[in-house]
Amino acid sequence: MRKLTTILAIGLMSATVLSAQDFDRQVLATEHITGTARYVGMSGAMTAVGGDVSAAVDNPAGLGVFRRSELSITIDGGVNTAITSAARNSNNRSYVPQISWVINFQEKGKTAGWIANNILLQFHRIGNYKRGSIYQGRYSTSLTDIMADATNGLSRLEMDDANAWDNADIGWLSLHGYKDSLIYPVGAGSTAWLSILNNGEQVNSKLEVAEYGGVNQYSFAYGANISNRYYWGLSLNLLTNNYSKVTNYSETFDLGGSMKIRSSFTSKGIGFSAALGFIARPVKGLRIGASIHSPSISKLTTSNTSYSSSVLSGALFVADPKMTINTDVTKYTLPLKTTFGVAYTFSTKAMISFEYDYRYQLKRAIADQHRFKIGFEAVPLNNLFVRGGYSYSSTFKSDLVFIPDITDTRTDCEAYNIRNIHYASVGIGYRSRRWVIEGAYQFSVEQGNMYMHGMQAEPLQLTSMDNHIVITFAWRY
């Protein structure tokens with residue numbers, strides 16, 4: 001019984017509307033600081049340092065620093081805790097972030113010219129999604145308002161058609177609203193629709209989100225050492241993505257009644273990228289490094305399902321369970337990335353390193369990402385290393401929201417916007433001529449804004465914390 005125009009204007013004052021695919025892109029584009037214990041212990045500040053297989057993910061020139069062949073594996077175990085005003089949820093995370101093989105070709109005794117060639121074969125997990133969170137709020141806007149707006153232009157006859165769920169011109173959110181008696185046409189034969197809620201009626205909203213999966217990178221890389229002063233490298237990368245999300249959204253209406261909608265979404269895909277990097281030692285102790293990573297071109301297959309119900313005047317209305325819809329998304333481009341770093345070594349006893357990463361979103365509606373890193377490494381005893389680091393990531397744009405259009409089959413209407421991520425870490429390691437065993441502890445905090453749907457005027461806050469223990473074993477030969 002209320003019109004959407006005023007509500008829509010209020011809801012969009014502080015946010016920009018994007019498609020669901022834009023939010024999928026934002027999830028896939030988020031990289032975490034994962035990898036070897038040395039890399040994690042220095043918070044990834046290794047673009048100018050090299051000599052580590054995970055550093056080669058940022059800058060393949062770091063491969064040129066290796067003086068021996070090396071096999072390595074890393075184990076990562078930890079806990080993610082998602083904190084909102086409604087709940088505190090914890091999930092265990094255990095996985096293998098990297099398995100790598102560096103093959104060294106070096107002429108013994110050579111100190112000038114083309115000294116070494118190194119090849120890297122690597123598996124690296126660059127993103128991890130497992131997380132669960134719960135949100136609650138009380139609002140004067142409702143998902144039924146979006147349902148009504150998305151249905152404008154459709155007739156009751158079209159909605160009653162037995163094949164309506166398969167009609168590409170009718171969105172699923174509209175059908176949920178109609179089948180559950182949450183929206184109705186203004187008059188007989190009208191194609192204008194209204195929510196059943198009264199003007200000014202408020203709702204108590206609740207959203208539960210469970211996320212799973214990750215992004216893996218398989219790399220073939222080459223690195224060269226020239227006169228122990230210049231290093232360069234090139235990598236070719238295969239990316240595989242597996243992401244799934246289940247959401248449960250519900251509303252309780254002030255004047256009686258309620259509605260629920262359950263949505264699930266998955267995406268699986270494969271993509272390709274390349275990277276080129278350089279490291280130079282212009283003076284003793286100083287290293288300068290930089291790299292550029294091409295945008296990754298991916299092909300994804302997505303699927304979504306949904307189910308809804310409502311309770312009105314004591315009667316239960318249940319929408320039909322939906323069949324899964326699979327969609328191929330081609331030319332799915334993820335960001336271009338550049339890194340720049342400076343490191344200084346104090347004899348053989350200590351090192352400090354700085355790095356700046358910039359992720360340029362080719363689709364300009366999504367914010368670019370800026371990441372600053374600082375790390376240090378010290379050698380208090382022969383073969384014993386201690387490390388520490390800090391990293392900060394940020395985006396600089398207003399919030400984005402998602403409102404389905406008249407043909408959209410997506411019913412997961414929430415929109416999560418990452419605002420910043422902090423990493424802090426410490427580490428210790430023992431390195432002999434043949435064996436390496438290292439450990440690191442990492443603590444990270446991600447802060448973001450969640451909109452349960454596109455009509456929510458003010459976002460809810462999420463603080464996602466990770467505590468990780470990372471252990472790396474390596475054999476040199």
Side-chain angles (χ1 to χ4, degrees), residues 31-74 76 96-106 115-127 215-226 228 230-239 272-281 287-294 296 337-343 351 353 355 357 371 373 375 377 387 389 391 429 431 436 438 440 470 472-476:
E31 290 185 6
H32 301 103
I33 296 178
T34 65
T36 65
R38 185 187 184 200
Y39 181 81
V40 171
M42 293 181 65
S43 287
M46 297 190 70
T47 276
V49 177
D52 183 274
V53 290
S54 292
V57 174
D58 289 339
N59 185 358
L63 282 175
V65 180
F66 279 86
R67 298 178 180 272
R68 297 185 182 92
S69 297
E70 180 179 294
L71 285 167
S72 67
I73 185 172
T74 300
D76 187 317
V96 175
Q98 71 86 23
I99 302 173
S100 304
W101 184 17
V102 177
I103 307 170
N104 173 258
F105 302 93
Q106 183 169 340
I115 293 176
N117 300 279
N118 294 310
I119 293 174
L120 171 66
L121 303 176
Q122 183 181 63
F123 158 82
H124 200 284
R125 192 175 183 96
I126 59 176
V215 174
N216 298 323
Q217 178 172 291
Y218 301 85
S219 299
F220 174 82
Y222 167 80
N225 176 347
I226 302 172
N228 289 322
Y230 305 102
Y231 310 86
W232 74 273
L234 173 70
S235 67
L236 303 175
N237 310 301
L238 169 69
L239 301 169
F272 301 91
S273 69
L276 177 67
F278 302 89
I279 296 176
R281 298 174 58 195
R287 293 188 186 184
I288 300 172
S291 70
I292 183 167
H293 299 241
S294 73
S296 57
K337 174 183 173 181
T338 60
T339 73
F340 175 79
V342 177
M351 174 183 64
S353 177
E355 180 177 330
D357 299 347
R371 175 175 283 174
K373 302 175 181 177
E377 183 175 71
R387 307 179 179 102
S391 173
R431 293 178 162 238
V436 175
E438 299 181 312
V470 181
T472 296
F473 303 93
W475 175 54
R476 298 165 159 179

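Just so it is clear, the model here is predicted, and its values are computed rather than measured.
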Quiz item: Would Leu63 and Val102 count as a side chain to side chain contact (heavy atoms under 4.5 Å, CB included) if you check the C-alpha gap in whole Å, the side-chain angles of each, and the deciding distance to 0.1 Å?
Solution: CA-CA 8 Å; Leu63 282 175; Val102 177; 4.3 Å; yes

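- Of the candidates Thr74, Asp52, Thr472, Asp52 is the only one forming a side chain to side chain donor-acceptor pair (under 3.5 Å) with Thr36.
- The side-chain heavy atoms of Thr47 and Phe340, taken from C-beta on, include no pair separated by under 4.5 Å.
- Residue Arg431 places its CZ atom among more than 12 non-hydrogen atoms of other residues, nucleotides or ligands, all under 6.0 Å distant.
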Quiz item: So Met42 and Lys373, side chain to side chain contact (heavy atoms under 4.5 Å, CB included) or not? Walk me through it.
Solution: CA-CA 8 Å; Met42 293 181 65; Lys373 302 175 181 177; over 6 Å; no

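- Residues Asn118 and Gln106 form no side-chain contact, since every pair of their non-hydrogen atoms from C-beta on lies 4.5 Å or further apart.
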Show the atom names and distances, to 0.1 Å, of all donor-acceptor pairs under 3.5 Å that link a side chain in residues 232-239 to residues at least two apart or in another chain.
residue: Ser235; atom: OG; partner: Asn237; partner atom: ND2; Å: 3.4
residue: Asn237; atom: OD1; partner: Ser219; partner atom: OG; Å: 2.7
residue: Asn237; atom: ND2; partner: Ser273; partner atom: OG; Å: 3.3

Quiz item: Stepwise, does the side chain to side chain contact (heavy atoms under 4.5 Å, CB included) test hold for Glu31 with Val215?
Solution: CA-CA 9 Å; Glu31 290 185 6; Val215 174; over 6 Å; no

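- Phe66 pairs with exactly one of Leu120, Ile103, Val53 by the side-chain contact (heavy atoms from CB on, under 4.5 Å) rule, that one being Val53.
- With a 4.5 Å cut-off on side-chain heavy atoms, Glu355 and Asp58 count as touching.
- Here the side chains of Lys337 and Ile292 are not in contact, with every heavy-atom distance at 4.5 Å or above.
- Here the side chains of Leu121 and Tyr218 are not in contact, with every heavy-atom distance at 4.5 Å or above.
- A donor-acceptor contact shorter than 3.5 Å links the side chain of Ser294 to the backbone of Ala274.
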